[in-house]
Amino acid sequence: QLQLVESGGGLVQAGGSLRLSCAASGRTFNRYAMGWFRQAPGKEREFVAGISWSGGSTSYADSVKGRFTISRDNAKNTVYLQMNSLRPEDTAVYYCAAAHTQYAGSYRYEYAYWGQGTQVTVSS
């Protein structure tokens with residue numbers, strides 16, 4: 001069992017930055033690939049970024065490549081999403097998720113555990 005709690009969301013102007021954190025409970029955090037997803041009003045939840053359980057492999061949605069960076073600190077049971085050059089279209093609830101696999105996929109069904117989400121709002 002893994003419990004996930006996101007933090008770091010908020011309101012930011014276009015071009016600004018935010019760093020999201022996701023703290024996980026459980027002693028086997030380093031055996032889970034982690035992902036960030038987001039869901040805007042009226043839209044499907046979509047993959048944003050993923051990281052392998054060692055942190056050595058990452059993947060990103062095309063829409064955030066070059067602007068967002070996912071990282072993890074297994075000693076702190078925490079995964080991060082650094083978001084730079086934010087755009088109004090990045091506005092969404094951001095969710096952290098864990099998959100009991102080595103590498104992170106981009107499909108929601110691959111992830112067994114989800115956080116409650118944190119709101120990110122980017123004003124123009």
Please report the closest heavy-atom contact between V48 and V64, naming both atoms and the distance. O-CG2, 3.5 Å

Listed partners of F47 passing ring-ring contact (aromatic ring centres under 6.0 Å, His included), at least two apart: F37

Return the minimal non-hydrogen interatomic distance between T78 and A23, and the atom names on each side. OG1-CA, 4.2 Å

Considering non-hydrogen atoms only, spot the tightest contact between G105 and Y111 and give its length. O-OH, 2.5 Å

Determine the minimum heavy-atom distance between P88 and A14, stating which atoms define it. CD-CB, 4.1 Å

Can you tell me which residue pairs pass the disulfide (SG to SG under 2.5 Å) test with a partner in residues 13-119, sequence neighbours excluded? C22-C96

Residues which pass side-chain hydrogen bond (donor to acceptor under 3.5 Å, both in side chains) with T121, listed by chain and number, not counting sequence neighbours: Q119

For residues N74 and N77, report the shortest heavy-atom separation together with the two atoms involved. O-OD1, 3.2 Å

Say you draw a straight line from CZ of R72 to OG1 of T58; how long is it, rounded to the nearest 0.5 Å? 12.0 Å

To the closest 0.5 Å, what do you measure between CE (M83) and OG1 (T69)? 11.0 Å

Side-chain hydrophobic cluster, 4.5 Å single linkage: members besides Y107: Y109

Applying the 4.5 Å side-chain criterion to the ILVMFWY set and letting contacts propagate, would V93 and V79 be lumped into a single cluster? no

Taking side chain as C-beta onward, heavy atoms only, is Q1 less than 4.5 Å from Y113? yes

Taking only residues two or more places apart in sequence or in another chain, which ones pass side-chain hydrogen bond (donor to acceptor under 3.5 Å, both in side chains) with K43? none

Taking only residues two or more places apart in sequence, or in another chain, which ones meet Q102 in a side-chain hydrogen bond (donor to acceptor under 3.5 Å, both in side chains)? none

Does CD in Q116 sit with more than 12 non-hydrogen atoms of other residues, nucleotides or ligands closer than 6.0 Å? no

With rounding to the nearest 0.5 Å, note down the distance linking OG in S25 to CG in L2. 5.5 Å

According to side-chain hydrogen bond (donor to acceptor under 3.5 Å, both in side chains), does anything in residues 2-22 pair up with another residue at least two apart or in another chain? List the pairs. S17-N84

Kindly write out the residues that satisfy ring-ring contact (aromatic ring centres under 6.0 Å, His included) with W53, not counting sequence neighbours, or none if the list is empty. none

Pairwise side-chain contact, L4 with Y95, heavy-atom cut-off 4.5 Å (strictly under): no

Going by salt bridge (charged side-chain N to carboxylate O under 4.0 Å, His left out), name the pairs with one or both residues in residues 104-118, residues two or more places apart or in two chains. E44-R108

Is there a donor-acceptor contact under 3.5 Å from the side chain of T91 to the main chain of V122? yes

Pairs touching residues 89-102 that satisfy salt bridge (charged side-chain N to carboxylate O under 4.0 Å, His left out), sequence neighbours left out: R38-D90, R67-D90

Could you note down all residue pairs passing ring pair (Phe, Tyr, Trp, His ring centres under 6.0 Å) where residues 59-91 supplies at least one of them, sequence neighbours left out? none

Indicate, with yes or no, if Y103 and L81 share a hydrophobic cluster defined by side-chain heavy-atom contacts under 4.5 Å among Ile, Leu, Val, Met, Phe, Trp and Tyr. no

Sequence neighbours excluded, the answer for ring-ring contact (aromatic ring centres under 6.0 Å, His included) partners of Y94 is none

